[in-house]
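This report concerns only the one structure given below.
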Amino acid sequence: MKKIIYLLTFTLAFVNFSCASLFSANGTCNCTCDACVNCTGKHTPLSAEEKARQDSIKAAKIRAYHDPGLDSLLNMDYTIIHYDVTPQPYKWEPDEVIATPQEALMPLFRTGTPTTGGDTEYILKEINNSYKNNDIYFYFNTKDGVPEPIRFVVHFYADDPVNFNKLKFNLDGFKYEYVPTNLKRTNDGKFYSESFDNAMDELSRDIVAGLAHCDNADVLLVSEKGVSHRLYLTDKQLKHFKETYELYRKLGGKL
C-alpha cells in the first residue's frame with residue numbers, strides 16, 4: 001500500500017514538472033497549473049503588463065492578415081430594392097417645366113397674322129406650310145399675348161388618294177388614335193390633296209405631349225375605303241414638334 005502511494009506522488013510531481021516545461025518559452029511560463037503558479041524559479045506566471053503586451057502583439061498580427069476590403073463588402077447594404085422601370089405612355093403634364101430658354105426658341109419662329117383668328121401666329125421657319133408639301137407639324141396663335149390651343153396639321157399630297165378619316169399613332173411603342181375634323185380633299189390635276197388643320201384639346205393633349213417627347217414615331221392614315229398609308233416621322237419632324245411644344249408651354253399654353 002505504501003508503495004502505491006509513493007508511486008502516485010511521484011507520478012503527479014512528474015506531470016506538474018512536464019507541464020511547466022512544455023509551456024515555457026523564452027524563460028517565461030504561460031501555464032496556470034499549480035507547479036507553475038507556485039514556482040519561484042524561472043517558471044513565473046505572466047504579469048498583467050506582459051499579458052497585455054502579448055495580447056496586443058496577437059491582435060496586431062490578426063489585423064495584419066485582415067483584408068480591410070472585406071469589411072467594406074460585409075458592411076454593405078444588400079437589401080434588394082425593387083424599381084418600377086416599366087415605360088409609361090406619354091401624358092400631358094400640366095406643371096411640366098421646360099428647360100430650354102425662351103430666348104433660344106424665339107429666333108426659330110416666324111410670326112405673322114394668323115388665318116384662324118388670334119392676333120399672332122407662331123410657326124417654325126423651317127416648315128413649308130403649303131398643302132402640296134407632305135408634312136405633319138404643330139403651330140399656334142396667341143390672343144392678347146396668351147396662346148390659344150395648339151394646332152395640329154397634316155398635309156398629304158400624292159397621285160393616289162388615301163381618303164383617310166382617322167390617324168393611328170405609334171409613339172415609342174405607345175398607341176394613340178385621333179379622328180380629325182374639317183378634312184379637305186381636293187384634286188390638283190393628277191394629284192390628290194388631303195389635309196386638315198385642327199385645334200387640339202383636352203382629349204387629344206396626350207398625343208401632343210407624345211409627339212413632342214418621343215424618339216421614334218409613325219402615323220397610319222387609316223383609309224375609310226381603300227389602302228391605308230403609313231408615315232414614318234423623321235428626326236427633323238420630331239424636332240419641329242418638340243420646339244413648337246416647348247415655346248407653346250413657355251408662353252403659358254394649356255390644353
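In this text, all values refer to a predicted model and were calculated from it rather than measured experimentally.
Qualifying ring-ring contact (aromatic ring centres under 6.0 Å, His included) partners for Phe164, counting only residues two or more places apart in sequence or in other chains: none. Residues that satisfy the ring-ring contact (aromatic ring centres under 6.0 Å, His included) test with Phe196, not counting sequence neighbours, are Phe152.
Counting heavy-atom neighbours within 6.0 Å of Lys225 NZ, excluding the residue itself, gives a total of 12 or less.
Residues Leu251 and Val146 fall into different hydrophobic clusters, defined by Ile, Leu, Val, Met, Phe, Trp and Tyr side chains chained together at heavy-atom separations under 4.5 Å.
When atom types are taken as modelled, the side chain of Tyr248 and the backbone of Glu148 share a donor-acceptor pair closer than 3.5 angstrom. The backbone N or O of Ser204 sits less than 3.5 Å from a side-chain atom of Asp201, completing a donor-acceptor pair. Side-chain atoms of Asn134 come within 3.5 Å of backbone atoms of Tyr157 as a donor-acceptor pair (strictly under, hydrogens ignored). For the pair Arg110 (side chain) and Leu124 (backbone), a donor-acceptor distance under 3.5 Å is present. A donor-acceptor pair under 3.5 Å links the side-chain atoms of Ser228 to the main chain of Ser223, judged by distance alone.
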Quick one, Phe109 with Ile123, criterion side-chain contact (heavy atoms from CB on, under 4.5 Å). Give me CA distance, side-chain angles, the key distance, then yes/no. CA-CA 5 Å; Phe109 291 80; Ile123 186 168; 5.5 Å; no
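Under 3.5 Å, the side chains of Asn129 and Tyr137 contain no donor-acceptor pair of N or O atoms. Side-chain atoms of Asn198 and Tyr178 include a donor-acceptor pair closer than 3.5 Å. In this model, a donor atom of one side chain and an acceptor atom of the other lie less than 3.5 Å apart for Asp197 and Tyr139. Neither side chain, Asn163 nor Glu194, offers a donor N or O lying under 3.5 Å from an acceptor on the other.
For the ring pair (Phe, Tyr, Trp, His ring centres under 6.0 Å) criterion with Tyr245, the lone passing option out of Tyr90, Trp92, Tyr122, Phe138 is Trp92.
The residues Asp119 and Lys143 are annotated as not salt-bridged, no charged nitrogen and carboxylate oxygen being separated by less than 4.0 angstrom.
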